[in-house]
Amino acid sequence: MKMNITKVLLLLAAVSGGVLSCKPKNAGDASASGNAQKAYVAPGKYDEFYNFVSGGFSGQMSVYGLPSGRLFRVIPVFSVDPEKGYGYSEETKPMLNTSHGFVPWDDLHHTELSQTNGEVDGKWVFGNANNTPRVARIDLKSFKTSEIIELPNSAGNHSSPFITENTEYVVAGTRFSVPADDANGDVPISTYKQNFKGYVSFISVKKETGDMDLAFQIELPGINFDLSHAGKGKSHGWFFFSCYNTEQANSLLEVNASQKDKDFIMAVNWKKAEEYIKAGKGRKVKANYAHNKYNEKTHTATSEMKSEVLVLDAKSLKDICYFIPCPKSPHGCDVDPTGEYIVGSGKLAALIPVFSFDKIQSAIQSKAFDGEYDGIPVIKYDAALYGEVKKPGLGPLHTEFDGKGNAYTTFFVSSEVVKWNIKDLKVLDRAPTFYSVGHLCIPGGDSKKPNAKYLIAYNKITKDRYIPTGPELTQSAQLYDISGDKMEMILDFPTIGEPHYAQAVSADLLKEKSLKFYKIDENSNKYVTKGEKESKVVRQGNEVHVYMTSIRSHFSPDNIEGIKMGDVVYFHVTNLEQDWDVPHGFAVKGAVNAELLIMPGETQTLKWVPDRVGIFPIYCTDFCSALHQEMQGYVRVSPKGSSVPISFSLGKTNAVANK
Amino acid sequence: MIVVRFGNIMIERINSPKIAPLILLKNYIVMKKLNLLFFSLSLFACGSGNSESSENKNSPNASIEESIASSNPSYDPNRGVGKFTDVEVSPTLDAALASKGQGAFDVKCSSCHKTTDEKLVGPGWKGVTQRHKPAWILNFMTNTDEMINKDPAVQAQLELCLVRMPNQNLTDDEAKSLLEFMRQNDGVK
């Protein structure tokens, strides 16, 4: 009997040992099943929050549910997306037009939800193109990119697309200073200090329609602008930008832009800038930039080239811009829900400076300046400082707020999120991230009214967290429950691209107004086919226009003849469906320009240049019904000069005589 | 009738000979949801099935439970289900309204229906106003999905066509104009 008990104990020990040895390294707190339960959303249940996450170098924006971390949609913004035909259909190609021509792939870093009175209003989400500088507005009814505006005099649009508290403006600060677009750019790079300028752009947004316009730019010394956030409440009317490379280095910035003990936070009085514009102090400067809009009625984008921009000179106007010293190459520049505290995060610092809006105002009044930097007044550090969070961690990057008096800051170098109290600047809690966290997001965390149930950390390095997938591992985010005093990690989830900044909003604000389909009666696409009766094939010289309809489960027409080599064929496909979730796809064999995906009630166009004589099948690529596999047809291509006339039909099997 | 409940899915055995032809269809609908059924079963097998899963408000499966209601003797097959109850039509035609209806037909209906008695994707429209009451036609046009799930005549038709009639989100006015067009097509002057 004793022997048996010993055996059982040994067996138990072996089993538990085995279990322990299977436990992954660095599992974090989420291994506790109680925590995992908090992120569990049962099949068929809805998530509480939408999470709009930058797709980083994919150029797109992704939409996740929280707390499940499930990916719902990748919204194509600055890159072509073959899954949706974005940038491939004739209607969407103009969205990616720039002064450099068609740019198929960019780098989207930050997302910002529109606000009214400092609260997220659920109308639009903005995104920035970092490489070829642009700002996009995405409509939150259709989840489609509605508008993209390019920014002249800019290079690396990084401190963007942050907004003022009523979405009066979206801002865009240049990361790279460069010679102005209307200046001679053919200069030695070593003349940086004299020839390179920095610009921050203010894009106005129309209240009802969201239409954007480049209202004005402010010309500044040639330094790098990194991130920004608007004042709110008492500081409404001001905007704050973090600045680095005040050394004005043009090479090996890793070393040469890290020389100074302090760089700057720049405070911009944009209400004052508006006054100067009214007083005629701006100067119109020649520029060349694209403004692209997607029309929801024609389902067609247009691209307009603009030729002028209004510029204000911060140096000569003196009281629009002020520099505030901030330790060590600041990244985050975040304003608390009251609008009083501005948190700067020096990437190489071991403390967090918190500035006071009231003190900044008094310092400006009393001219508590430490001289000027290239013509811009520099406020004395102590005159603007509320206090410093001492020894919070290494490498603070970005801070958001819970609306209960606490701030949460990410630390890249020490891989953690740190919770601290804004008033007494004491550290309250710290939680590890896996690994090297960049931005974080709390729903409404940069607004006047955070909805602080969760915090999401977006990591730069994944390393051993997931099963490996070759040299490139998945990008990742981690979800924390912050409803209690202590942060609890409840989920890891993979993301697309590299997730930089993100925003989250209660699902209740968006889900009811989500667009279900486009009304066919309102479809005013130039090539719409309203009903099969109107479907036709029209030859115009060597262009052939196919006016085609799709409905479960056939195209009209589905037999087309009379196309000849040398023709350029446009398939204008109208989806006649008027129900939710019934897109149809369209593909033709050998098309070198992808396929189409057409939403219910929408018209989209595929351009096709046949490369050989023969029969080319067409079919629906998006499973639509039990007879989806029957949704197909044929196009006949004849040699150049052939006498086969244009003809088209539907349902005429065996009725047409051989020719 | 025996009803067996698995989580939020109900499977029934219908003994009434009147409804027997519908069993095939219902099995088809239930089959489509089998993946969910297996999920529910596996939850039970793990001993973690809970009552929460049967209260799934967001689930489209609610329609399956609704479909069971068609065995309810109180269902009026002349009226169908929807907002229209007693619809009076004039003995004469409103030609302007019928012409509007033809416009809607061309855009939203003609892909699948002919005005003759020939079946295309769905049945031909000739005689439809004699086969069905005006209220039934209007309800089917404006409350398509629920009618497909509940109405015996529609379910029998689905077995023939195998394509669920798309919900074309017609407005009430569009539906009324289409009814007038159908009446014109059936010879009302």
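Every chain is numbered from 1 and lettered A, B, ... according to where its sequence line falls, protein lines coming before strand lines.
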Practice task
Specify which of A/Leu576, A/Val582, A/Thr549 makes the most heavy-atom pairs with chain B at under 4.5 Å.
Solution key: A/Leu576
Exercise for the section: For chain B, find which of A/Glu534, A/Lys516, A/Lys533 contributes the most heavy-atom pairs closer than 4.5 angstrom. Expected result: A/Lys533
Practice task
Between chain A and each of B/Asn167, B/Thr144, B/Leu120, B/Asp145, count heavy-atom pairs under 4.5 Å; write down the option with the most.
Solution key: B/Asn167
Any side-chain heavy-atom pair of [X] and [Y] under 4.5 Å:
X	Y	answer
B/Val121	A/His554	yes
B/Gln168	A/Glu577	yes
B/Thr171	A/Lys519	no
B/Pro166	A/Asp579	no
B/Val107	A/Glu532	no
B/Lys108	A/Asp521	yes

Is it true that, when you exclude [X] itself, more than 12 heavy atoms of the residues, nucleotides or ligands shown sit nearer than 6.0 Å to its [atom1]?
X	atom1	result
A/Phe72	CZ	yes
A/Lys513	NZ	yes
B/Asn78	CG	yes
A/Lys141	NZ	no

Handout entry: Region of A/Ile520 in contact with chain B, defined by heavy-atom distances below 4.5 Å
Key = side chain
Problem - Least distance between heavy atoms, A/Ile551 atom then B/Cys112 atom - result: CG2-SG, 4.3 Å
Practice task
Compare every heavy atom of B/Leu162 with every heavy atom of A/Ala626, then report the nearest pair and how far apart it is.
Solution key: CB-O, 3.9 Å
Handout entry: Atom pair CG/NZ of B/Asp106 and A/Lys530 - distance to nearest 0.5 Å
Key = 12.5 Å
